[in-house]
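This is a predicted model, so every value here is computed, not measured. In the text below, chain A, chain B and the rest are named by the order of the sequence lines, each starting its count at 1.
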Amino acid sequence: MDSQGLKPRLATIWLGGCSGCHMSFLDMDERLIDLALRVDLCSSPLVDVKEFPNVDVTLVEGAVANEAHVHELEIVRARSRIVVAFGDCAVTGNVTAMRNAFGVEDVLTRAYRSTSAVVVGVPDGADGMVPRLLPRVRPLHELVKVDYFLQGCPPSADEIYTFLNELLEGRTPTIRRFG
Amino acid sequence: MTGRIEINPITRVEGHAKVTIDLDERGEVARARFHVLEFRGFEKLCEGRPFHEMPGIMARVCGICPVSHILASSKAGDRLLGIEVPPAAVLQRRLANYGQVLQSHALSFFHLSSPDLLLGMDADPRTRNLFGLVAQDPDFARRGIRLRQFGQRIIELVGGSRIHPSWSVPGGVARVLSSSACDELKGWLAEAYATVDIALTRLKQILDRHTEEVEHLGSFPSLFLGMVDDEGRLAYYDGRIRIVDAEGNVVADRLDPGRYAKYLDEASESWSFMKHAFYKPMGYPVGAYRVGPLARLNVATTAGTQRADRELREFKQRSSGAVCASFHYHLARLIEMLHAVEKIEELLDEPELKSHEIRAKAQLNRRQGIGAAEAPRGTLFHHYEVDDDGLIVRANLLIATLQNNAAINRAVEQAAKRFVRADGLQEGMLNRVEAAIRCFDPCLSCSTHALGQMPLSIEILDAAGTVVDRLARPDQV
Amino acid sequence: MTPEELHQRRDKERAKRSTEEDHLLCCTAAGCLSCGSEDVLHSLRDAVKTTEANVRVSGTGCLGLCSKGPLVKRESDGAFFGGLSPESAAALVPGRADLVDRQTLAEHRIEPTTPFFALQQRIVLENAGRTDPERIEDYILADGYEALSKAVTEMTPEEVLSEVKKSGLRGRGGAGYPTALKWELVAKQAATTKYIVCNADEGDPGAFMDRSVLEGDPHRVLEGMALAGYAAGASQGYIYVRGEYALAVQRLEKAIRQAERERILGNRVLDSAFAFQVDIRVGAGAFVCGEETALLASIEGRRGEPRTRPPYPPERGLFGKPTLINNVETFANIPPIIRKGGDWFSSIGTERSKGTKVFAVAGKIVHTGLVEVPMGTSLRTIVQDICGGVPGGGKLKAVLTGGPSGGAIPESLLDLPVDYESLSKAGSMMGSGGLIVMDDETSMVDVARYFMEFCMDESCGKCIPCRAGTVQMHDILARISRREAEPSDLEMLAKLATLLKETSLCGLGQTAPNPVVSALRYFREEFDEKLVKHPLAENTSRTASERRE
Amino acid sequence: MSVKTLKIDGEMVTGRAGETLFNVAWDAGISLPRLCHVGGLSDVGACRLCVVEVEGQSKLAAACVTPVEEGMVVHTNTERLREHRRLLIELLFAEGNHVCSVCVSNGHCELQDLAVQLGVDHVRLRYQHPKRGVDATHARFGLDHNRCIFCTRCVRVCDEVEGAHTLDVSGRGASLKIICDLGEPWGQSETCTSCGKCVQVCPTGALYLDGASVGEMEKNRRFLQYIVTAREKREWIRKG
Amino acid sequence: MTPSTDSGSRKAAPASPKSKAIRDNREKMLERSMSRHAYAGNALIEVLHTAQELFGFLSPALLRRVASKLHLPPSRVLAVATFYNFFSLKPKGEHTAVVCLGTACYVGGAVDLVQKLEHRCAKVGATSPDGKVTVQVARCIGSCGLAPAVILDGQILPRVTPDQLDAVIDRILASPEAAPADSASQ
């Protein structure tokens, strides 16, 4: 897929995570302004464009934890030239995947049934109002091809900047850490 | 025509959520609900872990306000140890907390909401964002970015990293704060004051143009809850709970946050991962209350710092009782930022801040520990029960946004009824519904212990549930 | 007992037998026992008491045709009788033909000329159908302990070794290491204390050759061990028997008691200066203990975890002393080699694989049981001619050899001669001799998964590739079975297979991927057919509760 | 004592007879990846990370348990070895519950370091998410089974250096577990001397000092050589 | 996991201690077994075999006694006891049903038998809630000619079908309080 304009098109998306990676993205601070000149941030939780466009690079934060995530990830993969697993949850499942040692039912019961004084309903997705949880939280690459892995909880702003910079300069970013 | 409109996703909020709007036969809004679509199950996944690890794990509830979770979690840990935390550690924690209030509020105001306020509710959604703001008003945008940077820098220098710093632990903190760090932070103060001033001035100027929004984006009477110190001043790190009603009367005061379960409780609904909190004596759903900047300014007698108090007095004149317009969360947020900068200045001059006595050690001395702190979005409670060996048996988190859930739902319905017309649906109408949510700066990540984002589509369904109309954003075709 | 006494005992026994009218031998190996052969044996004995006839009735070792049990052999005409009830069996006793009608007995009769018996050549199993495993006299009558007697009276240890070398015998435990080389290594060690260990931890699922030898001819194994002890300069032997083989343990215990009582084993073996005694160690259920270093650890009372080699057991083995380890079948081959000479033995078999091999044939096959054939016999002969092929006219798909360390040999390669090299070239291995027949209803993916599950359960866990790698390989195979895997999973499966083969600490891990590799080699299409391109599309169409990870 | 000359990665090196390839390589400045080996304890050759290629041998050799031989030609860093090592590390991550970001050893973990060193940027295998517990009963130490990789350093140091043999490994295969005495909680052990050596030799965050929070658990292993030399040679040498 | 397999099996062990006299006797027998091995540590597995035969399972107290008599660290005794499938740290049910999962049995449909037992009695490795049946699997009992085979209380049932197994379970469950295992050997 070719970029439409001159600037490479960048998107970010968050799945099952804490948004810390996005915050770390914002921690690039004034370099964001520089970045805005060099890339076109087409889609992101930070902007109002909601239908996912065709882009060159997508940073995906978070693990795949529910059925909606699976659907979104498929769209992202289909419309992105490069998919980056952005942060530990996307790369390994991280803390989000700690629930895997327990079953979905146990987790929902603990969170909703046994802590609320009033239980009108439990959001198990049965009524279609919220997405069903997957039985197992999974890292991105178990579901789609991932081109780069950017580790860290979260990756530091410097790491994100260096990574994007390498990518923009046409070089292959190298890994520096695990976890 | 009965039907349902779905706004999915809500953008420029921290999290995964959607709104459904149910229409009656005449095509008018009958009901609107705010659904949070994320869930990670922290209450369960931490079971069996040593309580010493909880600040680290709980930080991951939220990347926007990790410090709040770390503090509430460390404080719960302090209780489990049953010890008094060294003064330097308390000062460091306070400092980081103000840094957090500053960066989080800056994010909410400059990065997420100011596009609505400064570019307009009906502006082109493609540029109605921080980068659009950069293009239109680069200086203002840069100031916003730098104000957030200051807050983050405080956290970084105190805690070792900006996000999820593993520095505050049960018993105190793990790092000594250096003089050079303090000196660097002092260097940021002047610019921070200036930026907050500019933002306050800008916001007050445009309030006149937003009377519709002030009146209809969640303006209703309710209870307000927040922590204050014994003199009724704002207290973010420690304080006791005060609840006021819409008239500004104190309903309850000096409640011990450690006994929150005596007066607060939660309800679950199947249509949202976010639970609903309520004030126990009044029951669910009438006991719903609001927390966060607006609530804190409503419950506080004074801010306790000079410049913020000046703004607070002016703020309180906007209503005879409590300020009930949710739109004024924005203003409250700016006033809190001013207060935070003043407190930061105050703390940086504390000689004890740099002390090397930062951590008290002890064995486990209690089976239950509750820690509370004012997070940017409101009061946050962490409640742990451990076994004889200090492993978590049960954890409960009562999170700020969750306590605003009922209010957000009400605001959404109010906004939808006022602005949404099923015939001739326009994007700007829906953006106002979203703006109602943004007032609360809901951190959905926190409130459901997770976070995400969804594609937007609005579908109008007939009584049988089939789609009769679908509204796409202009760029979506 | 002196050698002379041994011969006298043999002659005396022979004389006694010559006066007997007939000898009925009822199989008392585990297979027939579980079909009621004990009752048959009792019935025969009772029937004899009711007649005047001088008929000997004995238990005997596995006659091989387990699918027809309980089996009785009649010595007078060499005929076999299968599927007998106690009542019908009694009619075999001369003079009691009245017990059933002629026709019934004929139905049970199996001619010794049937291919199952006619096409076999028995060395290891020569005493099955000849001797009673519980009587040392029977063994002696069948030239038992003759080789040991010859060795301690006429031969030097070097000469014993040289006969074994001449025989070309290779280890029957699987890998086919030349037996004499191993013996030599131990023999040349200077240490005063050395050990002989018999590996009777036959763990391959589908293999029961050693069990039959232990149950049917325990003295033969003791004699083989004693000969090894003589050649290698060791005076203590251990037999490490699977805990599951209780009957084998019982018979071995009895055999050892008898041999000690007759002073065939003990401080002065057959009145010579050579001392040799044997103790039994009973395993406790761990497949990995078939690996020699793990087996030694287990004898020492430790966890059966393998250790790295070198040092090899011939240098440092049991309790740190030089140790010779061979398996049951290997030791069982030794007495005839010494008795008849290495040249005789090496005339049987192929260029590089000498002698015979015992196979336990099971699976989708008409005649399940034990088969002993010369090396070089084709698999087709074993499966089709001797064992009668797939029952019910089904189509033979593959033969698994070598158990969890071996692999599948497709029907097209059945003309392969059975020897160490051919089998490993075909991607399998001789293994201990289990041979499982698969028909076309068997899924090779499933079989590969089954063996991987076995290795996963039996991995001791000491080294990473085996402990965690078998889990991952099993996970992938299970997902392939459930049609949830994609092509990249198959690539990872191959990567893991290489990793396990090349980096695992012991043979269990190194050979664990073999069934998978061979299934992929010959039956790749069965795997490909189960792969999905987009497992996601399928996953999301189902509800969370239905989906199993 | 005879000296063996051999070639490692093209360099001629010498070692004493009986010395392991690992140590000779180490002296020559070649540090092989390892998790089970630690100087001062017996070698078990369990982690297989130090496998090397020896010319003329079809099998790979674990350097920590392979004695040097005259004329050996050894390669320690070929593509094949790197790929194997990488996969071994991935197997470990997939096997346990290693949540680096919230681990007490984050930043000071040998497993994590090796992942970086070997270029493991993600784990291609399925995470097993076993349900394992934490033994926090000891007053001074904790044992988080989730992070255990069964290198058995703790078991060996407890047996060989401290002499208590409080720790051992129970079960087998995927259900291995480090145990104290007869499986009692550590805090109730009658044989544990609370010396803490096990904690210090543990390469991951499985064994930690009580009260440690994220990233705080730095291990110190220098004592080990000191004690072993002192015990064996009656020489008290503090290195570095 | 796997008990002894056929008619030549070691005597079935009494699951519950009877009178004190018998228990004392058992302890004496264990003592004798250890003394026969000169209390050598390398006899651990043999001693554990004996202990389990005598007492039915290896209780912590039993392991502790063995450790102390053989002068072994307790952790090593547990390490060994848990390594081998034969040793059981928990008491077994009145009956034990072992399904052979060797290749021949597997190919012959042993999985269906496992499912049947799991459905009717208990999961593999567990004992039914009424304490009647312990379900186990074995990795080849070496009776491949009889596949698929189930060992019920030491007796091999050859070529079992799920229906036959059903009938066997019916019989077991219908039987009154089973006679203590040791009375069967008298």
For chain D, the option from [options] that forms the most heavy-atom pairs under 4.5 Å:
options	value
C:Glu458, C:Arg309, C:Lys501	C:Glu458
C:Cys466, C:Ser504, C:Pro310	C:Ser504
C:Ile464, C:Asp457, C:Asp489, C:Thr470	C:Ile464

Subject >> side-chain contact (heavy atoms from CB on, under 4.5 Å) assessment of C:Met492 paired with D:Leu125 >> reply: CA-CA 8 Å; C:Met492 182 45 81; D:Leu125 306 159; 3.8 Å; yes
Subject >> Approximate separation, where rounding is to 0.5 Å, of C:Leu500 CG and D:Leu91 CG >> reply: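 CG of D:Leu91 is found 8.0 Å from CG of C:Leu500.
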**OP:** Enter the distance from D:Cys47:SG to C:Lys462:NZ here, rounded to the nearest 0.5 Å.
**Re:**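 Those atoms lie 11.5 Å apart.
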Please classify the contact between [X] and chain C as side chain, backbone, both or neither, with a heavy-atom cut-off of under 4.5 Å.
X	value
D:Ala62	neither
D:Leu176	side chain
D:Leu35	neither
D:Val44	both

Over 12 foreign heavy atoms within 6.0 Å of [atom1], [X]:
X	atom1	value
D:Glu190	CD	no
C:Lys530	NZ	yes
C:Arg316	CZ	no
D:Lys177	NZ	no

Original post:
Is any side-chain heavy atom of D:His84 less than 4.5 Å from a side-chain heavy atom of C:Thr498?
Top reply: yes
**OP:** For residues C:Asp475 and D:Gln128, determine if any side-chain heavy atom of one lies less than 4.5 Å from a side-chain heavy atom of the other.
**Re:** yes
**OP:** Before giving the answer on side-chain contact (heavy atoms from CB on, under 4.5 Å), spell out for C:Leu499 and D:Glu83 the whole-Å C-alpha distance, their side-chain angles and the decisive distance to 0.1 Å.
**Re:** CA-CA 9 Å; C:Leu499 179 81; D:Glu83 179 53 30; over 6 Å; no
Max heavy-atom pair count under 4.5 Å with chain C, selected residue of [options]:
options	result
D:Cys36, D:Ala94, D:Gly171	D:Gly171
D:Thr152, D:Leu92, D:Asp43	D:Leu92
D:Leu88, D:Val51, D:Ile149, D:Leu81	D:Leu88

**OP:** Heavy atoms only: give me the nearest C:Thr308-D:Arg48 pair and the separation to one decimal.
**Re:** CG2-NH1, 3.8 Å
Original post:
Is chain D contacted by the side chain of C:Gln472, its backbone, both, or neither, given a heavy-atom distance below 4.5 Å?
Top reply: side chain
Original post:
What part of C:Lys495 is in contact with chain D, defined as an atom under 4.5 angstrom from a non-hydrogen atom: side chain, backbone, both or neither?
Top reply: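 For C:Lys495, the contact with chain D is made by backbone and side chain together.
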Original post:
Is the closest basic N to carboxylate O distance between C:Glu305 and D:Arg172 below 4.0 Å?
Top reply: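 Salt bridge absent between C:Glu305 and D:Arg172.
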Original post:
Is the side chain of C:Arg467 donor-acceptor paired with the backbone N or O of D:Glu95 at a distance under 3.5 Å, no angle test?
Top reply: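 Such a contact is absent between C:Arg467 side chain and D:Glu95 backbone.
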**OP:** Could you walk me through whether C:Glu502 and D:Lys59 pass side-chain contact (heavy atoms from CB on, under 4.5 Å), step by step?
**Re:** CA-CA 6 Å; C:Glu502 296 190 348; D:Lys59 284 186 177 169; over 6 Å; no
**OP:** Would you sort out whether D:Arg124 and C:Leu496 count as a side-chain contact (heavy atoms from CB on, under 4.5 Å), showing the intermediate values?
**Re:** CA-CA 11 Å; D:Arg124 293 165 291 176; C:Leu496 286 164; over 6 Å; no
